[in-house]
There are 2 protein chains.
Amino acid sequence: YAPTRCAAAQTSTEQGILPPCHHHETVHDPQLVPCTCPLFSCPWEGHLEVVVSHLRQTHRINILQGAEIVFLATDMHLPAPTDWIIMHSCLGHQFLLVLRKQEKYEGHPQFFATMMLIGTPTQADNFTYRLELNRNQRRLKWEATPRSVLECVDSVISDGDCLVLNTSLAQLFSDNGSLAIGIAITTSKVHNAEAEM
Amino acid sequence: YAPTRCAAAQTSTEQGILPPCHHHETVHDPQLVPCTCPLFSCPWEGHLEVVVSHLRQTHRINILQGAEIVFLATDMHLPAPTDWIIMHSCLGHQFLLVLRKQEKYEGHPQFFATMMLIGTPTQADNFTYRLELNRNQRRLKWEATPRSVLECVDSVISDGDCLVLNTSLAQLFSDNGSLAIGIAITTSKVHNAEAEM
């Protein structure tokens, strides 16, 4: 994980502490984490345990329940940068799906999708998430280990270590401007192997 | 298929005839098809039935056998444009995997992978191909209906209707500069349903 985590996060994220990811000059209370909503420039900081309630109450982000859910991102034509965010509750944890439309190359918006665990990187390593698009006789699946919200979603997306869609593929997978993303969370194989022992 | 097929190919591809895809001014024998090797600028034309032997003999393209194979593309660092090509023989047909490194946006090479049936578009509709990358706790799967080699591989790739990888993802999935692509061909569901009746 080291190369994709914020440089300053290397030593402290395992303790559930987020260092200044966006290079603020302010000194952070080590018990607090900044709000993990991307793009909202939210000044809120709080304990990891209350991030979910903050996301629900302040940002009105919904929670979907179940091991396998479908998130319908509407209005995919909205100009970049735009984020679509949903929380996903399963296996005793809350996950955050971030779908971002962004112009890495000017005039060529792309879609980036990743999942973050609202928990520590150590906890995140126990899971695997799968994003699936399925339409027009095409299917695209991305499977990876979720990142922790204590890491920077910005760097995950700028590194391109996520599901990446160009505009034409996004259109092929969209129905009437909406993209249905199948989401499944499982415990990772290492975790399963340990459980079987 | 219509929007991605060469404009001139609409009426005649079902008969196994390739119109001038690259906008040659010469008149083609309707019984002949140009060589389907992308990027080689090959002047050869021939019947669909002898495309395979032409690819093997003139371009030294190997054939791998079996329903599920792994193609190892080496030297992924080579500069764009570069093609990696393999033939895949299964279910009584030959397929062509084209992996292309290309700079759609200057200075930002991407990898595009697609499969073509060495046969007509009607035959191609009976199959589904799957390309799978699996490494570093990440998995990416792309499933689609193969195109016919009578269509333009160039337009498939420029439309982005294929597996698309940015450089950083390609590196995550590569081992020592080589990318292992799992390839599987199945008969498509429509075909299966007909067979079951």
*Asks:* Got a sec: does the CZ of A/Arg135 have more than 12 other heavy atoms crowding it under 6.0 Å?
*Replies:* yes
*Asks:* Which atoms of B/Tyr129 are under 4.5 Å from chain A, going by heavy atoms: the side chain, the backbone, both sets, or neither?
*Replies:* neither
*Asks:* Can you list, by chain and residue number, the hydrophobic cluster partners of B/Val70 when the side-chain cut-off is 4.5 Å?
*Replies:* none
*Asks:* Spell out, yes or no, whether A/Leu72 and A/Phe112 are grouped together once hydrophobic residues are joined by side-chain heavy atoms under 4.5 Å, including indirect joins.
*Replies:* no
*Asks:* Decide whether B/Leu96 and B/Ile63 are clustered together by the hydrophobic rule: side chain heavy atoms of Ile, Leu, Val, Met, Phe, Trp, Tyr closer than 4.5 Å, transitively.
*Replies:* yes
*Asks:* Considering non-hydrogen atoms only, spot the tightest contact between B/Asp159 and A/Ser168 and give its length.
*Replies:* O-OG, 2.6 Å
*Asks:* Given heavy-atom pairs under 4.5 angstrom as the criterion, report whether the side chain, backbone, both or neither of A/Gln110 touches chain B.
*Replies:* side chain
*Asks:* Is it the case that one hydrophobic cluster holds both A/Leu78 and A/Leu165, taking links as side-chain heavy atoms less than 4.5 Å apart, direct or via other members?
*Replies:* no
*Asks:* Give, as side chain, backbone, both or neither, the part of B/Glu132 having an atom under 4.5 angstrom from any heavy atom of chain A.
*Replies:* neither
*Asks:* Is there a side-chain contact between B/Trp142 and A/Arg138 (heavy atoms, below 4.5 Å)?
*Replies:* yes
*Asks:* With side chains defined as the heavy atoms from C-beta onward, is the minimum distance between B/Leu169 and A/Asp161 less than 4.5 Å?
*Replies:* yes
*Asks:* Taking side chain as everything from C-beta outward and backbone as N, CA, C, O, which of these in B/Leu140 sits under 4.5 Å from a heavy atom of chain A? Side chain, backbone, both or neither.
*Replies:* both
*Asks:* Quick check for you: to the nearest 0.5 Å, what is the distance between A/Thr128 atom OG1 and B/Arg139 atom CZ?
*Replies:* 9.0 Å
*Asks:* Suppose the criterion is side chain to side chain donor-acceptor pair (under 3.5 Å): which pairs have a residue in residues 89-99 of chain B, not counting sequence neighbours?
*Replies:* B/Ser89-B/Gln94
